[in-house]
Amino acid sequence: MRSSHADLRIGVLALQGDFAEHVQMLARLGAQAVEVRRPADLDGIDGLILPGGESTTIGNLMERSGLTAPIQRLARNGTPMWGTCAGLILMARGVGRRQPLLRVMDVQVERNAFGRQLDSFEANLDIDGLPGGAFRAVFIRAPVVRRCGRGVRALSRLDDGAVVAVQQDRLLGTAFHPELTGDPRLHAHFMAMTRRA
Amino acid sequence: MSTNGAVSKNTETIKRGLAQMLKGGVIMDVVTAEQASIAEAAGAAAVMALERVPADIRAHGGVARMADPDKIIEIQQAVTIPVMAKCRIGHFVEAEVLQALGVDYIDESEVLTPADEEHHVAKAGFDVPFVCGCRDLGEALRRIGEGAAMIRTKGEAGTGDVVEAVRHMRRLMGEIRRLQNLPDEERPAFAKEIQAPLPLVEEVAALGRLPVVNFAAGGIASPADAALMMRLGCDGNFVGSGIFKSSDPARRAQAIVEATTNFRDAALVAEVSRSLGEPMSGIANRGLQPEEMLAGRGW
């Protein structure tokens, strides 16, 4: 698989959270990973990953480093973007409380939808369009998508119907952490989205 | 689209995973809901709910115990970020109480008065994850062996003097580098020397780092201190008395958060360090008697 994506430059928002795990996964797939801390780091990227972490922390730092508006512009211009957990929260239009957000994806998200850390869990998920069978998904103080706007496709649900993976054009959101498992299929899926863009 | 059953909770992946989400962040000691809200607004990745910050524990003396459940609940209700709390070393009932309160992480901490001078809490049996302090690789691996899902340096809490945190981080990193250069057959003797379980020593040799997230703690009081610890290789910072014992906690908290993120950018650290007001006054560790050092607690 290595070097098949060597021409792709993927930014990973590196303000706080598990960005290093995403960078490792990208390296495994042979893509170039760029850690994004300042607006200039966004130059020339083909796609952007918003990692897991604390969404309030990342949102605050995004505002203070002047990254919010440039990232919103990238999303509007069709640059593929993928948010995992906190990243999905940041992409959402609303989360039911005041905090800095990108508001680029037409979804309403509920934070900590399962409760505290003691309610965090792993489960096998079927994900629409992802070949190779169930995906072992790690949910850590995870959000869920409570409302999808027009043009947003639910890619995966839990048994109770809660939406945990969504796609809207070139924007992808997962409530779980594919970067914490050894399974590179969703990263490969995002590479393919980026290549088509 | 369904979950195909096989739901599991409280796995090692889940416990260590929350610490991975805190990386690059600052975990702040708070004693009231109001402080917790200030910390969250300043960009804290989590808060540590306490009865008294370490500087006050030091000043007041007496026995330092787990915080009052009312205090923990009040702080849990004030913020959406993870809430941690401390139990005394070896006090497994305090740990059970904190778990029952639904805290997100327990710090089995030398800052509180130890309840057991020989044994730590058997942490693997708990559903809630634990973080523990260390001064070196052996201590870190003993704690991980007991089930800790996150490690921090001990440093010297409540002093505002970063020297012990630096000592502990350098020692830990130095021992990992030394281990990586050892031939395989010398690892068992190394494990014995540092009094650590051999399988964990083998794992560290293979990974080139601890198998869990590793924060700095104990004496961090300025943005430059926070960036220094990141440069020495830690994954994030705990800041205790350094924030709410300073003259302008909200600004200092925000500055320490920004310095932790942009730890390689000296110009930015300079910018955020301007006009922060007075830092906590602090106690130089050199002037402490051995029995006044908290870092010696833990076995």
Side-chain angles (χ1 to χ4, degrees), chain A residues 14-21 37-38 51-61 63-65 85-86 95 97 99 111-112 114-128 133-141 154-161 163-165 177 179-181, chain B residues 1-27 39-46 76 79-84 99-106 126-129 149 213 235-236 254-255 257-258 260-265 268 272:
Chain A
L15 298 174
Q16 191 272 321
D18 71 338
F19 53 87
E21 284 78 351
R37 291 188 179 81
R38 331 231 69 194
E54 281 307 315
S55 64
T56 50
T57 307
I58 300 174
N60 280 331
L61 286 165
E63 295 269 299
R64 284 183 229 154
S65 15
C85 193
V95 297
R97 67 189 292 279
Q99 68 178 79
R111 290 185 52 198
N112 298 334
F114 303 94
R116 302 183 183 286
Q117 170 65 6
L118 287 166
D119 304 302
S120 294
F121 63 99
E122 298 178 38
N124 294 328
L125 284 185
D126 289 327
I127 299 173
D128 250 12
F135 193 94
R136 189 69 178 164
V138 177
F139 291 85
I140 297 177
R141 299 178 85 250
L155 301 182
S156 188
R157 295 171 192 269
L158 297 174
D159 287 343
D160 65 0
V163 175
V164 291
H177 296 283
E179 72 280 12
L180 291 190
T181 54
Chain B
M1 295 193 282
S2 77
T3 56
N4 303 336
V7 173
S8 36
K9 290 172 119 182
N10 313 313
T11 60
E12 244 358 89
T13 304
I14 298 283
K15 289 178 175 179
R16 294 179 179 185
L18 177 55
Q20 285 170 279
M21 297 312 135
L22 300 174
K23 285 196 299 179
V26 181
I27 301 168
E40 183 175 48
Q76 284 172 325
V79 295
T80 60
I81 54 179
V83 175
M84 302 184 166
Q99 175 169 275
L101 289 169
V103 303
D104 295 300
Y105 242 93
I106 295 176
F126 281 76
D127 291 335
V128 64
V213 165
D235 294 318
Q254 183 168 321
V257 168
E258 289 195 57
T260 299
T261 291
N262 299 288
F263 63 91
R264 289 187 197 286
D265 187 341
L268 190 139
V272 301

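Lettering follows sequence order; numbering is per chain, from 1.
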- Query: Among B:E40, B:K15, B:R16, which has the most heavy-atom pairs under 4.5 Å with chain A?
  - Reply: B:E40
- Could you look at B:A46 and say if it's the side chain, the backbone, both or neither that has a heavy atom under 4.5 Å from chain A? neither
- Pick from B:V128, B:L18, B:D127, B:T13: which one has the most heavy-atom pairs with chain A under 4.5 Å? B:L18
- Answer whether the closest heavy-atom distance between the side chains of A:I140 and B:Q20 falls below 4.5 Å. no
- Message: Please identify, among B:G236, B:G24, B:G43, the residue contributing the most non-hydrogen atom pairs under 4.5 Å to chain A.
- Response: B:G43
- Message: If you compare all heavy atoms of B:S8 against all heavy atoms of A:R136, which two are closest, and at what distance to 0.1 Å?
- Response: OG-NH2, 2.7 Å
- Item | A:A123 versus B:V7, closest heavy-atom pair with distance | CB-CG2, 3.9 Å
- Message: Return the CG to CD distance between A:N60 and B:E258, rounded to the nearest 0.5 Å.
- Response: 9.5 Å
- Which atom names give the shortest non-hydrogen contact between B:A6 and A:N124, and what distance separates them? CB-ND2, 3.4 Å
- When heavy-atom pairs shorter than 4.5 Å are enumerated against chain B, which of A:D160, A:L15, A:T181, A:I58 gives the highest number? A:L15
- Query: Which atoms of A:F139 come close to chain B, meaning under 4.5 Å heavy atom to heavy atom: side chain ones, backbone ones, both, or neither?
  - Reply: backbone
- Turns out that what part of A:L61 lies under 4.5 Å from chain B's heavy atoms comes down to side chain
- Whatever's closer than 4.5 Å to a heavy atom in chain B on A:R116 counts as both
- Can you say whether A:S120 sits under 4.5 Å from chain B via the side chain, the backbone, both, or neither, judging by heavy atoms? both
- Task: Take A:Q117 and B:I14 through the side chain to side chain contact (heavy atoms under 4.5 Å, CB included) test and state the conclusion after the steps.
- Result: CA-CA 8 Å; A:Q117 170 65 6; B:I14 298 283; 3.5 Å; yes
- Backbone N or O of B:T80 within a donor-acceptor pair of the A:N112 side chain at under 3.5 Å? yes
- Task: Side chain from CB out, backbone as N, CA, C, O: work out which of these in A:E179 comes under 4.5 Å of a heavy atom of chain B, or both, or neither.
- Result: side chain
- Under 4.5 Å heavy-atom distance to chain B, tell me which part of A:A86 shows up: side chain, backbone, both or neither. neither
- Comparing A:T56, A:T57, A:D119 against chain B, the one with the most heavy-atom pairs below 4.5 Å turns out to be A:T57
- Query: With no hydrogens and no angle check, is any side-chain donor or acceptor of A:Q16 less than 3.5 Å from a backbone partner on B:L22?
  - Reply: yes
- Message: As an exercise, state the distance from CD of A:E122 to CD of B:E12, rounded to the nearest 0.5 Å.
- Response: 10.5 Å
- Query: Who wins among A:G53, A:G115, A:S65 for the most heavy-atom pairs under 4.5 Å with chain B?
  - Reply: A:G53
- Which atom names give the shortest non-hydrogen contact between B:Q99 and A:L118, and what distance separates them? O-CD1, 3.4 Å
- Message: Give me the atom names and distance for the closest heavy-atom approach of A:D18 to B:K23.
- Response: CA-CE, 4.3 Å
- Message: Using side-chain heavy atoms (C-beta onward) and a distance below 4.5 Å, is A:R141 in contact with B:P82?
- Response: yes
- Query: Where do B:A42 and A:R64 come nearest, in terms of heavy atoms and distance?
  - Reply: O-NH2, 2.9 Å
- Item | Residues B:D265 and A:R37 bridged, charged N to O under 4.0 Å | no
